[in-house]
Amino acid sequence: MTDNFAAIPLFVAVVECGSFSAAGQRLGITKSAVSKRITQLEGSLGVQLLHRTTRSLSLTEAGEQYFGYARNACAVAQEGEDAITRLQGQPQGILRLSVPMVFGRLHIAPLIPVFLAACPEVEINMMMDDKLVDLVEGGYDLAIRIGRLADSSLIARRIAPCYSVLCAAPAYLTRCGTPKDLVQLAQHNCLFYSYYRAGSEWQFQGPEGAVRFQPRGNYQVNNSEALREALLAGLGVCQMPTFIVGDDLAQGRLIELLPDHKLPEHAIYAVYPERKHVPAKVMAFVDFLLAHLGGERPYWDVQRQT
């Protein structure tokens, strides 16, 4: 019976992740170890819980019924653990973070040593990826999200605004001219971030109101730092968040274009699953981010003229 209890989190992880390998990655153990424990659980219970094929897993009728109880048991156990850690006061345990690649490298990663020095009982496991992940399925405690948030059960804490500008390098403008309006902009080489969730169009708020613009150019990439390098090399024009190019704008390496056409303002959020008792490690990290990155004028915008 004790072995069955120990296997419950593994079974829940397999169902939520959809595979033994993904569950193993979440739990930090091998695929074969997960498979072996699930087989042992089925043998102990005397029923098959999962239909296995070479491409997918699905619950049997018995598995569906057992999963409901197993998931509730894990949730209750997690609430108990959260309540205990809150009572202990000192943040502790493994903090699993999901952060966007470039923002994470530029603004989160440099702060991690500072946070760990202040909270020595915490261990950080951080995943940097621009793809949107499911916090519950991935087993994350907290994520950094930039932009408009979709409706969900996640709790969101606004950390800072996120401004974007249309910009290009002086060398490009010398070679190709400076666009004075959107008609002229259409004649320029517009670089594009291919993971942009708002779609392929650029949206401006200009003197004539809201305007949509379809960029055309010879370079699309799913990494904003690669776009910055292309901009600095004089390849074209691009819209970029100031948390990446704020210093370039302040130092004159990039020039803001069409300042009377504002790009949508977004925000940077810390999001985490709703729980009865939010772990002290999560609240400590959110408060830490607010202290170091929070405010209506983040440090990367301080030198930039708005």
Side-chain angles (χ1 to χ4, degrees), residues 5-6 8-13 15-17 22-23 25-28 67-100 103-104 107-129 131-162 266-296 298:
F5 287 143
I8 285 175
L10 278 74
F11 174 65
V12 172
V15 177
E16 290 181 343
C17 296
Q25 289 176 0
R26 180 202 284 193
L27 299 170
F67 176 64
Y69 290 106
R71 182 170 53 183
N72 288 339
C74 287
V76 171
Q78 184 64 64
E79 286 184 9
E81 182 178 325
D82 294 343
I84 293 299
T85 56
R86 295 282 289 181
L87 286 176
Q88 291 173 331
Q90 181 73 12
Q92 58 184 286
I94 298 175
L95 181 63
R96 295 177 176 85
L97 306 176
S98 170
V99 302
F103 186 81
H107 303 292
I108 301 295
L111 294 175
I112 296 300
V114 182
F115 177 77
L116 291 177
C119 301
E121 299 301 315
V122 174
E123 298 178 32
I124 297 287
N125 184 335
M126 184 165 70
M127 176 66 69
M128 294 194 292
D129 195 329
K131 292 183 179 180
L132 199 64
V133 300
D134 186 304
L135 267 65
V136 175
E137 181 178 310
Y140 294 104
D141 296 296
L142 183 144
I144 301 299
R145 299 271 170 86
I146 301 173
R148 293 187 177 90
L149 299 181
D151 291 336
S152 74
S153 60
L154 299 174
I155 297 174
R157 293 282 300 277
R158 188 176 187 271
I159 301 297
C162 178
H266 298 298
I268 300 162
Y269 297 92
V271 300
Y272 49 93
E274 186 175 6
R275 296 179 180 177
K276 185 177 181 180
H277 303 283
V278 178
K281 61 187 179 183
V282 172
M283 295 310 302
F285 194 74
V286 171
D287 291 341
F288 176 82
L289 292 180
L290 286 168
H292 287 77
L293 303 180
E296 290 307 304

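This structure is a prediction, so every number in the text was calculated from the model and none was measured. Positions are given from 1, in the same order as the sequence printed here.
For Ala13, the side-chain contact (heavy atoms from CB on, under 4.5 Å) test picks out Ala23, Arg26, Leu27, with sequence neighbours left out.
Among all heavy-atom pairs drawn from Ile144 and Pro100, the shortest one is O-CD, 3.3 Å. Minimum heavy-atom separation, Phe115 to Leu95: CE2-CD2, 4.4 Å. In plain terms, the two heavy atoms of Ala156 and Leu149 that are nearest each other are CB-CD1, 3.5 Å. Between Cys162 and Ile146, the shortest heavy-atom contact is SG-CG2, 3.8 Å. Looking at every heavy atom in both residues, Ile108 comes nearest to Met126 through CG2-SD, 3.8 Å. Between Ile94 and Lys281, the closest heavy-atom pair is O-NZ, 2.6 Å.
To the nearest 0.5 Å, atoms SG (Cys119) and CD (Gln90) are separated by 6.0 Å. Remark: Arg96 CZ to Leu142 CG distance equals 13.0 Å, nearest 0.5 Å. Between atom CG of residue Leu97 and atom CD1 of residue Ile124 there is a gap of 5.0 Å, rounded to the nearest 0.5 Å. Put simply, CG on Asn125 and OH on Tyr140 are 7.5 Å apart, with the number rounded to the nearest 0.5 Å.
Using a 4.5 Å heavy-atom cutoff, the side chains of Val12 and Phe67 are in contact. Within the 4.5 Å cutoff, side-chain heavy atoms of Arg145 are placed close to those of Leu135. Within the 4.5 Å cutoff, side-chain heavy atoms of Arg148 are placed close to those of His266.
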Using distance only, find each side-chain donor-acceptor pair of residues 282-293 under 3.5 Å and give its atom names and separation, not counting sequence neighbours.
unit_1, atom_1, unit_2, atom_2, d
His292, ND1, Phe288, O, 3.0

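Residues Glu296 and Arg158 are paired through a salt bridge, judged by an N-O separation under 4.0 Å between the basic side chain and the carboxylate.
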